[in-house]
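In this text, all values refer to a predicted model and were calculated from it rather than measured experimentally. In what follows, chains carry the letters A, B, and so on, assigned in the order in which the sequence lines appear, proteins first and then strands, with residues in each chain numbered from 1.
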Amino acid sequence: AQSVTQLGSHVSVSEGALVLLRCNYSSSVPPYLFWYVQYPNQGLQLLLKYTTGATLVKGINGFEAEFKKSETSFHLTKPSAHMSDAAEYFCAARGDTGRRALTFGSGTRLQVQP
Amino acid sequence: SAVISQKPSRDICQRGTSLTIQCQVDSQVTMMFWYRQQPGQSLTLIATANQGSEATYESGFVIDKFPISRPNLTFSTLTVSNMSPEDSSIYLCSVGDRADGELFFGEGSRLTVL
């Protein structure tokens with residue numbers, strides 16, 4: 001069964017600092033991987049996704065993630081944090097082609113300090 | 001992409017009552033899913049809503065507690081029956097027919113049970 005692990009339920013960075021949110025997956029088949037962001041009292045918005053091809057994926061708001069098969073990882077990064085990046089971030093995966101729903105990680109709350 | 005509207009956006013309910021949440025999509029979609037997000041937690045799949053047939057429930061969720069209707073390709077309802085405080089959660093409708101598994105989410109229905 002597909003599982004997604006996000007290390008660190010809370011991450012705090014200073015404005016302008018590097019953001020690194022960690023995600024590892026387990027899958028018996030090549031996965032499709034996603035990062036979603038949830039702002040307070042809102043639904044989920046897609047940041048970026050990996051399906052096939054280039055392993056470095058660029059998303060919205062300056063975020064990017066790199067698919068590393070050897071490490072079963074899909075960590076999310078942003079070179080310089082902005083106050084508006086404060087939100088909950090979820091990594092998700094779809095590994096079983098017969099199962100269309102996504103499996104989500106536990107989430108990481110990003111705080112950005114001025 | 002798809003625009004998803006959920007009603008109600010939030011409600012406060014009494015123990016033992018039932019509440020029906022509606023999900024309306026602006027286009028026809030085959031795959032529709034209902035997720036639950038308990039306070040401070042990640043998203044857990046409740047069921048896949050199948051048009052014209054019974055919903056497919058995940059382990060730990062049963063039809064008697066969470067009956068789902070899917071009368072057509074743009075609409076679904078989720079009922080939370082005989083509510084208890086443990087049912088206090090955000091319930092999210094999502095859709096996704098893309099081959100890569102990307103899901104689009106409604107804003108969620110925040111339910112508080114007293």
Side-chain angles (χ1 to χ4, degrees), chain A residues 1-10 21 23 25 27 29-54 57 59-60 65 67 74 87-109 111, chain B residues 1-10 21 23-25 29-51 55-61 68 76 89-112:
Chain A
Q2 180 73 49
S3 69
V4 179
T5 302
Q6 291 184 241
L7 293 176
S9 59
H10 290 81
L21 305 182
C23 174
Y25 66 92
S27 176
V29 298
Y32 295 148
L33 297 162
F34 306 83
W35 276 99
Y36 284 86
V37 60
Q38 185 179 36
Y39 297 102
N41 300 313
Q42 294 188 25
L44 274 71
Q45 179 183 4
L46 181 71
L47 273 178
L48 49 80
K49 62 183 176 183
Y50 169 79
T51 54
T52 59
V57 180
I60 63 171
F67 170 62
F74 191 57
E88 187 87 20
Y89 291 80
F90 293 97
C91 182
R94 177 188 161 198
D96 182 346
T97 56
R99 175 182 170 87
R100 301 300 297 272
L102 297 182
T103 299
F104 284 83
S106 55
T108 299
R109 181 166 298 276
Q111 292 181 316
Chain B
S1 64
V3 177
I4 304 165
S5 302
Q6 281 187 238
K7 292 181 180 180
S9 58
R10 59 179 62 230
I21 301 167
C23 177
Q24 179 73 53
V25 188
V29 292
T30 303
M31 306 302 297
M32 185 176 284
F33 307 96
W34 286 98
Y35 283 86
R36 181 177 72 181
Q37 186 179 21
Q38 294 178 298
Q41 303 296 317
S42 185
L43 282 75
T44 301
L45 181 67
I46 297 173
T48 301
N50 305 307
Q51 195 268 331
T56 304
Y57 289 84
E58 297 297 301
S59 176
F61 298 95
I68 289 171
S76 177
S89 295
I90 300 172
Y91 293 86
L92 293 133
C93 172
S94 70
V95 303
D97 281 350
R98 296 171 60 103
D100 63 11
E102 178 182 345
L103 296 186
F104 300 92
F105 286 84
E107 300 256 321
S109 298
R110 183 181 296 270
L111 178 61
T112 302

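Interface summary for chain B: among A/Q6, A/Q45, A/E88, A/Q38, the most heavy-atom pairs under 4.5 angstrom belong to A/Q38. Most heavy-atom pairs under 4.5 Å with chain A: of the set B/G101, B/G96, B/G106, this distinction falls to B/G101. Counting heavy-atom pairs closer than 4.5 Å to chain B, the top residue among A/G107, A/G105, A/S9 is A/G105.
Interatomic distance, CZ of A/F34 versus CG of B/L103, reported as 7.0 Å (0.5 Å rounding). Put simply, CZ on B/F104 and CG on A/L46 are 7.5 Å apart, with the number rounded to the nearest 0.5 Å. Taking OH of B/Y35 as the start and CG of A/L102 as the end, the distance is 5.0 Å to the nearest 0.5 Å. For the atom pair B/E102 CD and A/Y36 OH, the distance stands at 5.0 Å (nearest 0.5 Å).
Both the backbone and the side chain of A/L44 come within less than 4.5 Å of a heavy atom in chain B. For chain B, no part of A/Y50 is nearby; none of its heavy atoms comes within less than 4.5 Å. Within the 4.5 angstrom heavy-atom criterion, only side-chain atoms of B/R110, from C-beta onward, approach chain A.
By the 4.5 Å heavy-atom criterion applied to side chains, B/R10 and A/N41 are counted as neighbours. Side chains of A/F90 and B/Q37 form a contact here, defined as non-hydrogen atoms less than 4.5 Å apart.
The two residues B/L45 and A/A101 make their nearest non-hydrogen contact at CD2-CB, 3.4 Å. Heavy atoms only, all atoms of each residue included: A/S106 and B/S42 are closest at CA-CB, 3.6 Å.
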